[in-house]
Student: 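My questions all concern the structure below.
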Amino acid sequence: MFFNTKIAFGLASLFAGYVTAGNDLPSIEIEGNKFFYSNNGSQFYIKGVAYQANSANATAGETIVDPLADYDSCSRDIPYLEKLTTNVIRVYAVNTSLDHSKCMSALNDAGIYVIADLSDPTYAINRESPAWTVDLYDRYTSVIDEFANYTNVLGFFAGNEVTNNSTNTDASTFVKAAVRDSKAYIKKQGYRSIPVGYSSNDDADTRVAMADYFACGDDDDKADFYGINMYEWCGPSTYATSGYKDRTAEFANLSIPLFFSEYGCNSVQPRKFTEVQALYGSNMTSVWSGGIVYMYFQEENDYGLVSIVSSSVSTLSDFNYLSSELHSISPSSVNNASYTASSTSLSCPATGVYWEANTKLPPTPNSDLCSCMEASLSCVYVNDTSDDTGDAYDELFSYICAEIDCADIIANGTTGKYGSYSFCSPAEKLSYVMNVYYKKYGSSSDCDFSGSATLQSATTASTCSSMLKAVSLDSASGSASGSASASASASDSSSGSQSSSKASSKASSKSSAKSGSSDSSSSSGSSSSSTSTSKSKSAASASVKVNLFQVILSSIVTLAAVAGVGFVLA
């Protein structure tokens with residue numbers, strides 16, 4: 001593999017890498033709101049392409065195309081990526097059971113870095129019923145394990161457009177918890193410091209608060225970088241009229257690297273990519289670190305740069321326009337040795353009509369605690385797969401939680417209250433509430449639930465005692481925060497089986513221009529839009545009724561995921 005041994009310096013030029021056989025690319029480091037090459041401190045701008053065939057319509061059980069595991073295809077495509085001066089590709093889902101070494105080596109030799117999404121359509125945080133669970137933790141850490149030793153992995157995305165409007169901002173607490181735990185896992189495993197970030201949509205009501213939310217707080221909790229899927233520049237436009245000027249002013253004080261995690265509006269065709277000059281020009285480079293064009297493959301959504309028929313590649317007009325624009329840019333650059341970040345911290349956004357995500361994050365999923373809890377119960381759910389349907393769980397949770405307090409299995413990103421067992425599997429959570437019900441009413445007939453439950457001999461292993469005691473104390477205090485389960489563990493391996501991944505990509509057209517105003521009190525301040533479509537507003541309720549709905553829906557979603565049903569989050 002190869003690394004950059006020489007950087008071509010030029011006045012206001014983008015640094016290009018030269019590689020020497022036998023070495024790795026230097027890792028990319030972060031200082032303030034900029035990326036830098038680790039070997040010489042020169043600034044790194046992302047010139048990226050989204051590189052994954054669209055499988056948004058894949059059904060359960062289908063195998064998605066992992067572009068980093070198909071050497072024939074990636075070796076075929078790399079020369080075309082090089083013609084675009086590509087230095088980063090984004091992949092939306094990978095299969096951790098496959099080998100990626102040949103493609104990663106070939107990309108390295110071409111000077112191309114990778115940003116990989118940690119989720120996939122089957123294992124992703126669902127905005128309608130958000131949760132950060134043991135299964136999701138296992139999926140995320142399996143991707144980290146697979147790619148941590150490649151220095152041309154620039155970083156990971158812990159989510160993509162999970163919160164997409166003001167009605168589901170609570171989902172961001174779970175994504176930020178995923179960022180926190182992914183970073184902690186990287187550190188615990190002794191891997192190099194690989195950045196973990198988030199990819200957002202461009203919603204007028206939430207874009208400012210969301211960026212501030214992911215960039216605020218302790219270094220251990222906040223995102224390392226932030227991407228926005230940006231489709232405001234459509235056809236002939238300018239820095240001012242496109243909305244780019246307003247967005248740049250809004251995010252001027254963001255303290256972490258910011259870039260377009262997708263761009264390339266196709267409402268006007270062919271795409272001439274005149275926005276490239278603005279993105280890498282003097283008006284934007286103090287705030288933005290480049291962007292990733294959506295996308296390489298031509299598909300039904302008509303965003304492709306190339307057409308591939310029987311493994312034969314044909315470049316489209318969009319490819320040629322993009323190549324011309326990227327070859328003509330020369331963004332100004334700084335060196336890390338002489339750079340001082342203007343801001344390294346940011347205040348978290350206040351909650352209000354359009355932003356309700358609590359700064360208190362869900363606990364770290366702990367599979368050992370869930371197993372210990374289930375073993376300690378007297379009344380448990382009978383896990384008969386023939387009855388594991390959404391309706392069956394719906395009925396059981398509805399009945400039981402109407403009779404007892406189910407707070408210990410509920411997670412609420414608006415109130416910041418997280419039950420100590422909220423990250424456990426639906427079956428484990430159902431066993432827990434069945435046991436609470438049984439203890440309340442006392443007779444063996446109260447552990448039946450029409451044949452869905454049975455009595456067992458409760459056991460508590462020595463390794464479980466401290467964890468369960470800590471959770472009991474936490475629950476007794478009334479906090480239901482899950483803090484005990486986040487910190488206590490019978491072992492240092494909260495992990496489970498690795499899952500095969502199913503691809504994520506874009507299937508639908510992107511919306512276009514939005515504009516707004518800025519306020520320098522935060523990274524960007526409050527924003528409004530005179531051109532964007534109006535959004536419906538609804539404040540999340542912290543009532544028991546809503547909590548119960550979250551338990552039921554979360555359980556159904558998780559069950560479907562375990563069964564292999566893909567959730568593609570647009």
Student: I'd like to know if the side chain of Ser73 and the backbone of Asp70 have a donor-acceptor N/O pair within less than 3.5 Å.
Tutor: no

Student: Examine distances only and state if a side-chain atom of Ser200 and a backbone atom of Glu161 form a donor-acceptor pair shorter than 3.5 Å.
Tutor: no

Student: Using distance alone, with no hydrogens and no angle criterion, decide if Thr163 and Ser172 have a side-chain donor and acceptor under 3.5 Å apart.
Tutor: yes

Student: Any donor-acceptor pair under 3.5 Å linking the side chain of Ser255 with the backbone of Ser343?
Tutor: no

Student: Who are the ring-ring contact (aromatic ring centres under 6.0 Å, His included) partners of Tyr213, not counting sequence neighbours?
Tutor: Trp355

Student: Could you go through the side chain to side chain contact (heavy atoms under 4.5 Å, CB included) check for Arg90 and Tyr294 one step at a time?
Tutor: CA-CA 9 Å; Arg90 177 183 180 180; Tyr294 191 82; over 6 Å; no

Student: Scan side-chain atoms only and decide if Ser199 and Asn229 contain a donor-acceptor pair under the 3.5 Å cut-off.
Tutor: yes

Student: Is there any disulfide (SG to SG under 2.5 Å) pair reaching into residues 196-227, and which pairs are they, with sequence neighbours excluded?
Tutor: Cys216-Cys348

Student: Using atom types as modelled and distance alone, determine if a side-chain donor or acceptor of Asn358 lies under 3.5 Å from a backbone N or O of Thr415.
Tutor: yes

Student: Output yes when a side-chain donor or acceptor of Ser398 lies under 3.5 Å from a complementary backbone atom of Glu395, and no otherwise.
Tutor: no

Student: For Ile125, run the side-chain contact (heavy atoms from CB on, under 4.5 Å) check against Asn160, Thr173, Thr133, Leu136 and tell me which one passes.
Tutor: Leu136

Student: Does Asn95 form a side chain to side chain donor-acceptor pair (under 3.5 Å) with Ser97? I'd like the steps, not just the answer.
Tutor: CA-CA 5 Å; Asn95 187 333; Ser97 68; 2.6 Å; yes

Student: Sequence neighbours left out, what passes ring-ring contact (aromatic ring centres under 6.0 Å, His included) with Tyr51? Give chain and number order.
Tutor: Tyr296, Phe297

Student: Could you tell me whether a side-chain N or O of Gln52 sits under 3.5 Å from a main-chain N or O of Pro67, the two making a donor and an acceptor?
Tutor: no

Student: Kindly say whether the aromatic ring centers of Trp132 and Tyr140 come within a distance under 6.0 Å.
Tutor: yes

Student: What do the steps show when you test His100 against Asp66 for side chain to side chain donor-acceptor pair (under 3.5 Å), and what is the final call?
Tutor: CA-CA 9 Å; His100 302 93; Asp66 179 344; 2.7 Å; yes

Student: Between atom CG of Asp448 and atom OG of Ser443, what is the distance when rounded to the nearest 0.5 Å?
Tutor: 10.0 Å

Student: Keeping Asp203 on the side-chain end and Thr206 on the backbone end, is there a donor-acceptor pair under 3.5 Å?
Tutor: yes

Student: Under 3.5 Å, side chain of Tyr198 to main-chain N/O of Val162, donor-acceptor pair present?
Tutor: yes

Student: Going by ring-ring contact (aromatic ring centres under 6.0 Å, His included), name the residues that satisfy it together with Tyr191, two or more places apart in sequence or in a different chain.
Tutor: none

Student: Can you list everything that forms a ring-ring contact (aromatic ring centres under 6.0 Å, His included) with Phe157? Sequence neighbours excluded, please.
Tutor: Phe225

Student: May I ask you to decide whether Asp99 forms a salt bridge with Lys102, counting only side-chain N to carboxylate O separations under 4.0 Å?
Tutor: no

Student: Are the side chains of Ile292 and Ile46 in contact, using a 4.5 Å heavy-atom criterion?
Tutor: yes

Student: Backbone N or O of Tyr150 within a donor-acceptor pair of the Arg192 side chain at under 3.5 Å?
Tutor: yes

Student: Please name all residues satisfying side-chain contact (heavy atoms from CB on, under 4.5 Å) with Tyr441, sequence neighbours left out, ordered by chain then number.
Tutor: Glu403, Tyr437, Asp446

Student: Keeping Asn435 on the side-chain end and Ser378 on the backbone end, is there a donor-acceptor pair under 3.5 Å?
Tutor: yes

Student: Using the rule side-chain contact (heavy atoms from CB on, under 4.5 Å), only one of Val153, Val196, Thr96, Ile186 pairs with Ile144; which is it?
Tutor: Ile186

Student: What I want to find out is whether Asp218 reaches Arg180 closely enough, with some N-O distance under 4.0 Å, to be called a salt bridge.
Tutor: no

Student: Please report the shortest heavy-atom distance between Asp205 and Tyr354, naming the atom on each side.
Tutor: O-CB, 3.7 Å

Student: Is any side-chain N of the basic residue among Lys183 and Asp224 closer than 4.0 Å to the acidic one's carboxylate O?
Tutor: yes

